[in-house]
**Q** 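Handing you a structure now.
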Amino acid sequence: MKLSDLFKKGKFVITSEIGPPKGTNIQPLLEEVELLRGKVDAINVTDLQSSVMRLGSMAVCRLLKERNFEPVFQITCRDRNRLALQSDLISAYVLGIRNVLCLTGDYITLGDHPQAKPVFDLDSVNLLKAAKTLMEGKDMVGNKLDGAPDFCLGAVANPGADPLEPQIMKMELKVEAGAEFFQTQAVYDPKKFEDFIKATEHLKVPIMVGIVLLKSAGMARFMNANVSGVFVPENLIKIMASASKQDRPKKSVEIAASLIKQLKGMCQGVHIMPLGWDRYVPDVLEKAGLI
């Protein structure tokens, strides 16, 4: 199932995100995704998130397909040249994967192997172009394929970028390259998101608002200081700071659900990034009135 089919039907699309384990023990992850069964339309699988070596996204996507979940294959340009990127895309299709999110990828220095050599042979725009070209039956240099994939291609955007104009220009390039939907960076300011939506109306592409579950006031302050385009308002930081450790998940769920209620009418879907708090995603969706 392609997400584009759901958008065309007018469905408010719900996705969540999981990070593969650092090792071969897949059982905890499979138990966590069972909590999402019947509650989300698809599950994003991160690709060595934060440049940390982990089990691969494609393998986990296949495991999800075998269990009747719809995966979104995240693929980054950081670790592969154009040969490997194209090969992984057609490999994913052969394994039954139909939704792909194309990203440039985090810098190597953020992860646990800072001595690794980054590739970045392509960026996200050119990766989208490569995927679209494969869908047209050719590789990047024009060689004909014996069988072409058929993906729903997605990209990312940052509503909090300042200035916003370069971000919109990048989104325009991504749409031209083949992006059929966008998932955004974390949003905590409804007014700023509204301004972003108005500024991107001309793209006529579905936008899924990104919701990151706040785990603590410290996490919020860290994002404000270190994550470009993300700003958690002081009133939300105070809510998390005043909560006991035991009550933080409850407060986090309430904040996320409140944001979704405020933002739902502005966009075509929501992408929840629980950062390990997968077990609370059903609570967020229930309180937000989505299930």
Side-chain angles (χ1 to χ4, degrees), residues 1-5 7-8 20 42 44-51 53-62 64-65 70-111 113 115-158 166-183 200 202-206:
M1 177 195 70
K2 296 195 293 184
L3 293 185
S4 53
D5 294 334
F7 288 123
K8 289 174 184 175
N44 282 43
V45 183
T46 58
D47 181 17
L48 307 192
Q49 187 176 9
S50 301
S51 298
M53 193 288 295
R54 299 174 182 270
L55 180 64
S57 176
M58 193 189 309
V60 175
C61 284
R62 177 59 189 177
L64 294 183
K65 285 293 293 186
E70 191 60 43
V72 177
F73 175 41
Q74 292 193 3
I75 181 169
T76 70
C77 303
R78 176 191 55 236
D79 309 309
R80 310 165 177 87
N81 64 16
R82 64 192 65 195
L83 280 172
L85 288 167
Q86 292 176 96
S87 176
D88 278 359
L89 283 167
I90 60 176
S91 297
Y93 183 79
V94 168
L95 292 176
I97 297 163
R98 299 294 179 261
N99 300 293
V100 178
L101 191 74
C102 298
L103 307 102
T104 298
D106 298 318
Y107 289 108
I108 290 288
T109 50
L110 294 175
H113 286 63
Q115 68 274 33
K117 184 177 181 179
V119 180
F120 295 116
D121 184 22
L122 303 179
D123 62 12
S124 56
V125 173
N126 285 304
L127 177 57
L128 284 163
K129 288 181 180 178
K132 188 69 172 177
T133 300
L134 293 174
M135 292 167 62
E136 294 167 353
K138 297 179 181 179
D139 66 14
M140 289 185 70
V141 295
N143 296 314
K144 188 176 180 180
L145 302 180
D146 183 8
D150 182 18
F151 294 120
C152 173
L153 300 175
V156 296
N158 192 340
Q167 183 70 197
I168 296 174
M169 292 173 62
K170 189 74 172 287
M171 292 175 70
E172 290 170 346
L173 291 174
K174 289 179 177 181
V175 172
E176 184 180 349
E180 299 177 71
F181 70 95
F182 285 95
Q183 292 178 339
T200 56
H202 64 288
L203 296 178
K204 301 188 184 305
V205 174

**Q** Between Asp47 and Arg80, is there a salt bridge with N-O shorter than 4.0 Å?
**A** yes
**Q** Measure the NZ-NZ distance between Lys132 and Lys129 for me, rounded to the nearest 0.5 Å.
**A** 13.5 Å
**Q** What are the two closest non-hydrogen atoms of Ala157 and Met171, and how far apart are they?
**A** CB-SD, 3.6 Å
**Q** Which value, rounded to the nearest 0.5 Å, describes the distance between Tyr107 atom OH and Thr109 atom OG1?
**A** 8.5 Å
**Q** Is the shortest heavy-atom distance from the side chain of Phe151 to the side chain of Leu89 under 4.5 Å?
**A** yes
**Q** Do side-chain atoms of Gln183 reach the backbone of Val156 as a donor and acceptor pair under 3.5 angstrom?
**A** no
**Q** Please check this pair: side chain of Ser57 against backbone of Phe73, looking for a donor-acceptor N/O pair closer than 3.5 Å.
**A** no
**Q** Checking side-chain contact (heavy atoms from CB on, under 4.5 Å) for the pair His202/Ile168: CA distance, chi angles, key distance, verdict?
**A** CA-CA 10 Å; His202 64 288; Ile168 296 174; 3.9 Å; yes
**Q** If we ignore angles and hydrogens, is there a donor and acceptor under 3.5 Å between the side chains of Ser51 and Asp106?
**A** no
**Q** So, are Arg82 and Asp139 salt-bridged, with charged N and O less than 4.0 Å apart?
**A** no
**Q** Within the structure provided, determine whether Val205 and Phe7 are in side-chain contact (heavy-atom separation under 4.5 Å).
**A** no
**Q** If you draw the axis of the six-membered ring of Tyr93, does the NZ or CZ of Arg98 fall within 45° of it and under 6.0 Å from the ring centre?
**A** yes
**Q** Treating Ser87 as the side-chain partner and Leu83 as the backbone partner, does any N or O pair qualify as donor plus acceptor under 3.5 Å?
**A** no
**Q** Between Met135 and Leu153, which heavy-atom pair has the shortest distance, and what is it?
**A** SD-CD1, 3.9 Å
**Q** Check each of Thr104, Asp121, Ile108 against Arg78 using the side chain to side chain contact (heavy atoms under 4.5 Å, CB included) test, and report the only one that passes.
**A** Ile108
**Q** Tell me the closest heavy-atom pair linking Lys65 and Gly96, and the distance in Å.
**A** CE-O, 3.1 Å
**Q** Report the distance from atom CD of Gln49 to atom CG of Leu103, rounding to the nearest 0.5 Å.
**A** 10.0 Å
**Q** For Glu70 and Asn99, run side-chain contact (heavy atoms from CB on, under 4.5 Å): C-alpha distance rounded to whole Å, both residues' side-chain angles, the deciding distance at 0.1 Å, then the answer.
**A** CA-CA 8 Å; Glu70 191 60 43; Asn99 300 293; 3.3 Å; yes
**Q** Looking at Leu145 and Leu134, what are the two nearest heavy atoms and their distance?
**A** CD1-O, 3.5 Å
**Q** What pair of heavy atoms forms the shortest contact from Met58 to Ala92, and how long is it?
**A** SD-N, 4.0 Å
**Q** Would you mind reporting whether Thr133 and Met140 have side-chain heavy atoms less than 4.5 Å apart?
**A** no
**Q** What distance separates Glu180 CD from Leu128 CG, expressed to the nearest 0.5 Å?
**A** 10.0 Å
**Q** Check for a donor-acceptor pair, side chain of Asp5 on one end and backbone N or O of Lys8 on the other, with a separation under 3.5 Å.
**A** no
**Q** Any idea which heavy atoms bring Cys77 and Ser124 closest together, and the distance?
**A** SG-N, 4.1 Å
**Q** Roughly how far apart are Glu172 CD and Lys170 NZ, rounded to 0.5 Å?
**A** 12.5 Å
**Q** Rounded to the nearest 0.5 Å, how far does CG of Asp88 lie from CG of Leu85?
**A** 7.0 Å
